[in-house]
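Worksheet: the structure to be examined is printed underneath.
Just so it is clear: chains get the letters A, B, ... in the order the sequence lines come, proteins before strands, and each one is counted from 1.
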Number of protein chains: 2
Amino acid sequence: MRNLVNKKALLQETLGYILEEELIQEMSEIARVRETVADEIIIHVGDELLMIPIVISGSIKVSRENASGNELLLYYIEGGDTCAMTLQCCVRKVDSQIKATAMEPSLLLMFPVENMDKWMDKYKSWRSFILSSYHSRMMELMETIDAMAFMRLDERLLKYLTDQVKLMGSMELNHTHQQIADDLHSSRVVISRLLKQLETKGIIAIHRNKIVMKEF
Amino acid sequence: MRNLVNKKALLQETLGYILEEELIQEMSEIARVRETVADEIIIHVGDELLMIPIVISGSIKVSRENASGNELLLYYIEGGDTCAMTLQCCVRKVDSQIKATAMEPSLLLMFPVENMDKWMDKYKSWRSFILSSYHSRMMELMETIDAMAFMRLDERLLKYLTDQVKLMGSMELNHTHQQIADDLHSSRVVISRLLKQLETKGIIAIHRNKIVMKEF
DNA sequence: ATTGAGGTGTAACAAAAGTCACCTACAGAA
DNA sequence: TTCTGTAGGTGACTTTTGTTACACCTCAAT
């Protein structure tokens with residue numbers, strides 16, 4: 001468990017340009033640290049939400065999952081951002097509608113919901129932060145909707161791969177075809193087929209458990 | 001143009017149970033009334049947003065539209081609700097990403113964005129209202145995503161029809177097949193086909209420019 | 001080295017949705 | 001009335017995506 005000074009430094013570094021000193025101080029006093037390994041599930045569908053996470057480093061994948069086990073990637077959360085939706089879920093005592101998975105070893109700070117409410121009243125910068133977060137998530141959901149409504153699967157796949165490359169900062173993606181199929185809500189066979197096409201076109205190289213982007 | 005007393009009464013009736021008296025008073029002083037006819041387009045994609053609308057009566061359809069003219073229904077806004085997304089669009093001076101259409105003659109109150117900011121600082125009830133609005137829109141976007149990802153078109157069509165019936169409070173929908181196809185981002189021929197199936201099953205009756213729900 | 005599990009390739013087929021072509025029906029204008 | 005534009009019906013076909021089945025490969029555990 002990191003100490004207070006450490007937490008404050010992390011917050012300062014990640015959110016200092018948005019949030020005022022006093023708030024950073026308050027936050028660092030009550031934050032609880034959560035470290036995750038890659039592929040760790042942080043929130044399950046149906047979980048009762050008691051704490052709001054802010055991502056300090058790493059990246060989180062947020063997906064929808066229905067009763068039949070169907071999955072669909074919604075958006076990513078990176079360092080300095082939060083899932084504002086969680087906030088309202090907490091306040092209203094509604095169970096989580098989404099699944100959150102760490103894509104790499106990540107560091108989160110968790111805050112009890114009561115403080116959110118207090119900060120909302122007290123700090124203008126916090127209000128902006130939360131509103132801005134909602135807005136970003138909303139835009140990202142719209143992008144997801146656009147992709148599903150207006151793009152064919154091969155285009156969505158390519159977008160998925162380039163998004164992942166940008167996010168992870170590496171041309172090598174350690175994914176199985178099945179994992180990709182899950183994220184795009186398709187089937188492994190179809191994804192293998194389309195990946196093969198991308199390989200034939202010289203855009204990627206396929207290896208076991210790994211896809212390497214060649215063009216970008 | 002309605003007078004101040006009138007606007008206050010409307011606000012009181014629509015939002016009095018959420019917003020405090022003082023805020024209602026302030027709102028009624030600066031609100032501008034906008035009345036729309038059915039099918040009037042309130043916001044186009046790419047519009048610069050200067051005022052935030054609150055729906056007093058009627059219902060608004062919000063859809064996504066891309067450069068190629070493809071369309072997709074996102075969600076509806078009814079009396080007492082607002083499109084919080086507009087707020088951030090205003091603040092950030094970002095052009096509208098969506099199209100808003102009145103589904104029936106509707107009454108809106110429009111507020112300049114500066115006041116939003118002020119109210120955000122001053123009124124707790126306003127903060128809750130805006131956050132709650134964002135949250136609702138977000139949930140509705142997720143429902144749309146669910147439908148697109150996990151339902152077949154015939155199921156989506158039936159959901160669309162029942163949603164419309166609930167919203168309009170009438171079993172008779174005055175839509176052409178083309179309008180439905182636009183909302184669901186499909187083609188007229190396909191929608192006609194699926195509607196025919198629903199008619200054969202005894203769920204609807206098809207007339208020119210009109211669909212009547214028989215079961216519900 | 002053997003075994004087994006998970007990952008990938010691929011052919012053959014099926015289902016869902018979209019497209020094209022052309023038809024009829026209806027309503028309002030000329 | 002006839003004409004014209006819009007709405008809707010339908011068959012034939014294509015494209016896209018999903019499914020099934022099975023082969024082969026790799027790697028780690030035994």
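Of the inter-residue distances, the one linking D163(B) atom CG with Y75(B) atom OH reads 15.0 Å to the nearest 0.5 angstrom. Between the CZ atom of F111(A) and the OG1 atom of T82(A) there is a distance of 8.5 Å, given to the nearest 0.5 Å. Remark: H135(A) NE2 to S128(A) OG distance equals 13.0 Å, nearest 0.5 Å.
Between the P atom of dT6(D) and the NZ atom of K210(B) lies a distance of 22 Å, rounded to the nearest Å. When the P atom of dG18(C) is taken as reference, atom CG of L194(B) falls 9 Å away, rounded to whole Å. The distance between atom CG of L153(B) and atom C1' of dA16(C), rounded to the nearest whole Å, is 9 Å. Distance, H175(A) NE2 to dG7(C) P: 13 Å, rounded to whole Å. Rounded to whole angstrom, the span from the CD atom of E155(B) across to the P atom of dA16(C) amounts to 10 Å. When rounded to the nearest whole Å, the span between CD1 of I211(A) and C1' of dG7(C) equals 12 Å. When rounded to the nearest whole Å, the span between CZ of R193(A) and P of dT20(D) equals 14 Å. Rounded to a whole Å, the CZ atom of F150(A) is 16 Å from the C1' atom of dG18(C).
Shown for residues 178-189 of chain A: residues whose heavy atoms fall under 4.0 angstrom of DNA chain D, namely H185(A), S186(A), S187(A), V189(A). Scanning residues 195-206 of chain A for heavy-atom distances under 4.0 Å to DNA chain C yields K196(A).
Considering all non-hydrogen atoms of both residues, G79(A) and T14(A) come closest at C-CG2, 4.1 Å.
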Show, in sequence, the C-alpha distance, side-chain angles and deciding distance for D182(A) and R188(A), and conclude whether the salt bridge (charged side-chain N to carboxylate O under 4.0 Å, His left out) test is met. CA-CA 8 Å; D182(A) 289 343; R188(A) 199 274 307 165; over 6 Å; no
I would like to know whether K166(A) and E78(A) meet salt bridge (charged side-chain N to carboxylate O under 4.0 Å, His left out); could you show each step before the answer? CA-CA 12 Å; K166(A) 274 181 228 160; E78(A) 294 184 74; over 6 Å; no
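Within the structure, a side-chain polar atom (N or O) of H177(B) is placed less than 4.0 Å from OP1 or OP2 of dG9(D).
Checked against side-chain hydrogen bond (donor to acceptor under 3.5 Å, both in side chains), D146(A) has the following partners two or more places apart in sequence or in another chain: R64(B). Under the salt bridge (charged side-chain N to carboxylate O under 4.0 Å, His left out) criterion, E114(A) pairs with no residue, sequence neighbours left out.
Defined by atom type and a distance below 3.5 Å, a donor-acceptor pair is present between the side-chain atoms of Q164(B) and Y76(B).
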Protein-nucleotides 23-29 of chain C N/O pairs closer than 3.5 Å?
none

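When each of I204(B), D183(B), T162(B), L198(B) is tested with L157(B) by the rule side-chain contact (heavy atoms from CB on, under 4.5 Å), just one qualifies, namely L198(B).
Side-chain atoms of V190(B) lie closest to dT19(C) of the nucleotides dT8(C), dT19(C), dG18(D). Nearest to the side chain of T176(A), among dG9(D), dA12(C), dG7(C), sits dG7(C). Across dG8(D), dA17(C), dG9(C), the shortest atom-to-atom separation from the side chain of S192(A) is found for dG9(C).
The pair K99(A)-D47(A) fails the salt-bridge criterion, with no side-chain N (NZ, NE, NH1 or NH2) lying under 4.0 Å from an Asp/Glu carboxylate O.
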Pair up each side-chain donor or acceptor in residues 100-110 of chain B with any protein partner under 3.5 Å, not counting sequence neighbours, and list the distances.
residue	atom	partner	partner atom	Å
E104(B)	OE2	S59(B)	N	3.3
E104(B)	OE2	S59(B)	OG	2.5
S106(B)	OG	S59(B)	N	3.2
S106(B)	OG	E104(B)	O	2.8

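Taking the nucleotide of DNA chain D with the nearest heavy atom to each of M151(A) and N209(B), the more 5' of the two is matched to N209(B).
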